[in-house]
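So the structure is just underneath, and the comments pick up after that.
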Protein chains: 2
Amino acid sequence: MSSSETPAARRRPTHRKGRATLTRESVGRAALDLIGRRGPAELTMRSLAAELGVSPRALYNYVEDRRDLIGLAAELFEQDWHPPKLDPAPDRWRPSLRALCDELRAHYRRHPGMTTLALTEDVTMARHPTMLRNVDAIVGFLTALGLPPADAYRACVETIRLVVGFVEFHDALHDRPPAHLAPGELTETPPPWLRPEPGTDLPHLTRLADLPPTSQDEQFTFAVDLLVDGLAARVRPGGRARG
Amino acid sequence: MSSSETPAARRRPTHRKGRATLTRESVGRAALDLIGRRGPAELTMRSLAAELGVSPRALYNYVEDRRDLIGLAAELFEQDWHPPKLDPAPDRWRPSLRALCDELRAHYRRHPGMTTLALTEDVTMARHPTMLRNVDAIVGFLTALGLPPADAYRACVETIRLVVGFVEFHDALHDRPPAHLAPGELTETPPPWLRPEPGTDLPHLTRLADLPPTSQDEQFTFAVDLLVDGLAARVRPGGRARG
DNA sequence: ACCTGAACACCGTTCAAGT
DNA sequence: ACCTGAACACCGTTCAAGT
């Protein structure tokens, strides 16, 4: 009766009808989990509500609409990642950058298709303070290598785009092969459909067909190596920035 | 009455009820046009049927389903492009590669979101003979620079991914800004949401806020320059391939 | 052979009503 | 304050019937 009830009595109940109370964050987490487990196409207001044991209408008490839900999941997804330690010393920056790309790739691969989903739903990601800290750390690392600040920012953007593009365009197909494809049709690189018919005049593809295939990881390593060498040309004393 | 009717009489009618007769190709072209004009989200069986003046059911006489339709549009889209002339001479390969990237970017920009749509619908692109010829030409160009065949193929893949990733993740947002965004919110690079609050400890982003913004084209040029320099490190006599 | 119209099972979202 | 159930306007796809 007094104005000083116990804090517990003031707090919102944590359960309701045997079910954990929904919150904006728990709804977003559930969406992110569902995307990771079943893929982005399976995220519907109705399927998420069913997993949470509520009616679809109940979700609208915590998110404005589906776009808001996807944006929320994307934000939580970004909060879950921090860049590894980055060392700009002349003999350490290359392995640092490679480790950064490897860890970023592993993170995005845990939710393949997430970025593409945000893109198609016009969701703008990356407003969270965590993301600001991450970008600041990477830009600082690239600046310490000797890049002008504007180029350090540009290189940061390209590094992230390289990884995200690789995961969304390459890993996503290999990690979750579409049901309609024959097993080996995408695991091989180059894929079988790039193997020319005998007799066609495609000399370089013909020669390629006899080489051992490139694995996903080899292709990724090649992409990161290209980036590292491109940056090295701007970092090395006497390196030329433009051709 | 004779068995030698005129060829015109044997041919399928080109019109029906005042409307051009549908064909698989004309349906695919209409889909590609609709995507370019109104964006990928606006492509539905019903909207396409309405534009063609038929019922939605009629489309199923020419395509198996929506995935098949999108694959068909993607195939026609690829047929519309051919790489420019590529000159591997030591003083010409850099401008050649830059021109290739510029033209590929311009092509993909004509149908922003097309690649992402194909991706989310599990459509595998690029089986058409035209695409084989294009890839063969690019791999041949990179081989002539001095890259081993396996690396030439890998570099070809990364070049295309760089351009497609840039168009889908960067140009798409600038060229068709989502309705819910304030005008300057995406045209500026770095975007306003990367500008830290005063007093926060993000020194590199803080410094960046005072620099003139990077235009889309400058960012693209930077990305291509990185690629060119990365390749140069593998092409130059004495260039090191790995760090 | 090719089309239409009605129908089915989905989807996001909203309304009116419950507790 | 938070929920449910019914409803609306969409969607892809299919069925039965027309010409």
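All values below were derived from every heavy atom in this structure, side-chain atoms included, with hydrogens, water molecules and symmetry-related copies excluded. Letters A, B, ... are given to chains in the order of the sequence lines, protein chains preceding strands, and every chain is numbered from 1.
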* Below 4.0 Å: OP1/OP2 of D:dC3 and any side-chain N or O of A:Tyr62 -> yes

* Under 4.0 angstrom between A:Asn61 side-chain N/O and D:dA1 OP1 or OP2 -> no

* **Spacing of CD belonging to A:Glu25 relative to CG belonging to A:Leu76, to within rounding of 0.5 Å** => 5.5 Å

* Could you tell me the separation between the NE2 atom of B:His128 and the CZ atom of B:Arg133, rounded to the nearest 0.5 Å? => 8.5 Å

* To do: Go through residues 24-40 of chain B and report each residue with a non-hydrogen atom lying under 4.0 Å from DNA chain C, sorted by number.
  => none

* Please list, chain by chain and in numerical order, all residues satisfying ring-ring contact (aromatic ring centres under 6.0 Å, His included) with B:His170, sequence neighbours excluded. => B:Phe166, B:His174

* Structure fact -> Expected list for residues 48-55 of chain A near DNA chain D, using heavy atoms below 4.0 Å, is A:Val54, A:Ser55

* Asked: Are side-chain heavy atoms of A:Leu69 and A:Met45 found at a separation under 4.5 Å?
  -> yes

Contacts under 3.5 Å, N or O only, protein and nucleotides 9-13 of chain D:
from: D:dG12; atom 1: OP1; to: B:Met45; atom 2: N; distance (Å): 3.0
from: D:dG12; atom 1: OP2; to: B:Met45; atom 2: N; distance (Å): 3.1
from: D:dG12; atom 1: N7; to: B:Arg46; atom 2: NH1; distance (Å): 2.4
from: D:dG12; atom 1: O6; to: B:Arg46; atom 2: NH1; distance (Å): 3.4
from: D:dT13; atom 1: OP2; to: B:Tyr60; atom 2: OH; distance (Å): 2.9
from: D:dT13; atom 1: OP2; to: B:Arg66; atom 2: N; distance (Å): 2.9
from: D:dT13; atom 1: O5'; to: B:Tyr60; atom 2: OH; distance (Å): 3.3

* Asked: Any donor-acceptor pair under 3.5 Å linking the side chain of B:Ser47 with the backbone of B:Glu42?
  -> yes

* Quick one: does A:Thr206's side chain have a donor or acceptor within less than 3.5 Å of a partner on A:Leu202's backbone? -> yes

* To do: Would you please classify the geometry between the A:His111 ring and the A:Phe77 ring as parallel, tilted or perpendicular, with 30° and 60° separating the classes?
  => perpendicular

* To do: Report the stems of DNA chain D as range-with-range entries sorted by first number; a stem here is at least three consecutive pairs, Watson-Crick or G-U wobble, both distances under 3.5 Å, and write none if there are none.
  => C:4-8 with D:12-16, C:12-16 with D:4-8

* Taking it one step at a time, do B:Arg29 and B:Asp80 satisfy salt bridge (charged side-chain N to carboxylate O under 4.0 Å, His left out)? -> CA-CA 11 Å; B:Arg29 278 280 162 211; B:Asp80 291 342; 3.1 Å; yes

* **Closest contact, heavy atoms only, A:Ala152 versus A:Leu142** => O-CD1, 3.4 Å

Show every donor-acceptor pair shorter than 3.5 Å between a side-chain atom in residues 50-60 of chain B and any protein atom, with sequence neighbours excluded, or say none if there are none.
from: B:Glu51; atom 1: OE1; to: B:Arg37; atom 2: NH2; distance (Å): 2.9
from: B:Glu51; atom 1: OE2; to: B:Arg37; atom 2: NH1; distance (Å): 3.3
from: B:Glu51; atom 1: OE2; to: B:Arg38; atom 2: NH1; distance (Å): 2.8

